[in-house]
Amino acid sequence: MLIMASSPIEATRIRLLSEEIDHLLEHYLQLLHQYDTLRSSLSTVQASIQQNIARANFDAPRGVRYGQDCYDQRMQAARGCCVTSGPEGTAFSVVEFATRGKDGSAASEGMHKDNAGPPQKTGISAADGRPGKDARPVGEEHEQNGDAEREKRTTKPKDPVRMFGILTPQALRLAQGGAIKLVEEIIPKLASIDAEMKGVEIKIRRARKHRVKAEAAEKTVVGERREEGVVS
């Protein structure tokens, strides 16, 4: 009885695995189409950036050239990559630094607050040495001083194109816009889709292995039933 009941179960399992593989392959083809579209957009934007830089260099004054040869310490990263992992997979995104310190490092909000101890509520007036009404707590005063120093030390990120002068050519601005689009939109989507495609490939291989095992088990069951005379 167990042998007779196992064959329909294996057949149902094989059918479900085949349907799962078909859905995964369909999803993989959709991701592949998106990936190819983004790669085409990437090539187009890169070509546009190079053309705009070449146009800016062609129209530049004598002895001026826009490129990596003019980079100095002012050329700093204004954006960072953020990688998030979850049940649906790995996602890539780009975040813009809100504030940066003079040393080029990102300013950390609340760093001084975390390092500072609990506020000390001991204010003493200068008249008689006793706590006065207008005396502010020492901890609060230190915290306000720390906030003021942090505001002085942190500045908003400057436009990197300014290092080439105030009168920046329009072609250079267009190249910068294309580079920003490349970094903020196209590349993170490409990386996310590539990671998702790799995850789908793993799922397809696993489903195919399970289907092969189910088919082998079904063949074994059919052979045993045929030997017993159940199957003619």
Side-chain angles (χ1 to χ4, degrees), residues 6-56 67-68 71 75-100 105-106 108-109 157 159-161 170-221:
S6 60
S7 180
I9 294 176
E10 294 296 335
T12 304
R13 185 184 178 190
I14 292 173
R15 179 177 57 83
L16 293 176
L17 289 172
S18 299
E19 292 178 356
E20 181 183 358
I21 292 172
D22 291 339
H23 290 309
L24 290 173
L25 289 173
E26 182 180 359
H27 182 51
Y28 186 83
L29 290 176
Q30 293 175 356
L31 293 175
L32 183 61
H33 176 69
Q34 296 178 9
Y35 186 83
D36 290 339
T37 304
L38 289 173
R39 285 297 299 265
S40 178
S41 301
L42 178 68
S43 301
T44 303
V45 174
Q46 284 181 335
S48 177
I49 292 173
Q50 296 298 328
Q51 290 176 1
N52 287 320
I53 293 177
R55 188 179 298 111
Q68 296 182 2
Y71 293 173
M75 182 59 66
Q76 298 176 359
R79 290 165 179 83
C81 179
C82 180
V83 182
T84 56
S85 299
E88 298 181 356
T90 304
F92 297 85
S93 60
V94 175
V95 293
E96 186 175 0
F97 297 139
T99 56
R100 298 184 65 82
S105 59
S108 58
E109 296 294 337
D159 192 356
V161 181
Q170 182 65 22
L172 200 60
R173 290 285 183 183
L174 293 176
Q176 182 191 28
I180 292 175
K181 180 181 179 181
L182 204 71
V183 172
E184 289 187 347
E185 299 179 9
I186 300 178
I187 294 179
K189 290 180 181 178
L190 271 173
S192 300
I193 291 177
D194 182 69
E196 188 175 358
M197 288 175 64
K198 291 179 180 178
V200 174
E201 290 175 358
I202 294 174
K203 292 180 181 179
I204 292 174
R205 286 197 295 267
R206 288 177 180 174
R208 284 176 174 174
K209 288 181 180 179
H210 291 322
R211 186 176 63 178
V212 169
K213 291 181 180 180
E215 290 175 351
E218 185 185 23
K219 290 180 181 179
T220 302
V221 170

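Just so you know, these numbers use all the heavy atoms, side chains as well, and skip hydrogens, waters and symmetry mates. For this chain, numbers begin at 1 and follow the sequence in order.
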Would you mind writing out the side-chain donor-acceptor pairs for residues 16-26 within the sub-3.5 Å range, not counting sequence neighbours?
| unit_1 | atom_1 | unit_2 | atom_2 | d |
| --- | --- | --- | --- | --- |
| Ser18 | OG | Ile14 | O | 2.9 |
| Ser18 | OG | Arg211 | NH1 | 3.4 |
| Glu19 | OE2 | Arg15 | NH1 | 3.4 |

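Contact between Gly178 and Val45 at its shortest, heavy atoms only, is O-CG1, 3.4 Å. Summarising the geometry of Ile49 relative to Ala175, their closest heavy-atom pair is CG1-O, 3.8 Å, with the distance given to 0.1 Å. Between Leu38 and Ile186, the closest heavy-atom pair is O-CG2, 3.8 Å. Shortest non-hydrogen contact noted between Phe92 and Pro188 is O-CB, 3.5 Å.
The closest side-chain heavy-atom distance from Ser48 to Asn52 is below 4.5 Å.
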Audit row: His27, Gln30, side chain to side chain contact (heavy atoms under 4.5 Å, CB included) steps and yes/no: CA-CA 5 Å; His27 182 51; Gln30 293 175 356; 4.1 Å; yes
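In terms of the side-chain hydrogen bond (donor to acceptor under 3.5 Å, both in side chains) criterion, residue partners of Arg39 (sequence neighbours excluded) are, by chain and number, Tyr35.
No side-chain donor-acceptor contact under 3.5 Å links Ser40 to the backbone of Asp36.
Applying the side chain to side chain donor-acceptor pair (under 3.5 Å) test to residues at least two apart or on different chains, the pairs with a partner in residues 180-192 are Arg79-Glu184.
Rounded to the nearest 0.5 angstrom, Tyr28 OH and His33 NE2 are separated by 15.0 Å. Atoms CG and CE, from Leu190 and Met197 in turn, are 10.5 Å apart once rounded to the nearest 0.5 Å. Distance CZ/Arg55 to CD1/Ile53: 11.0 Å, rounded to 0.5 Å. The CD1 atom of Ile187 sits 12.0 Å away from the OG atom of Ser41 when rounded to the nearest 0.5 Å.
Open room surrounds CZ on Arg206; 12 or fewer heavy atoms of other groups in view lie less than 6.0 Å from it.
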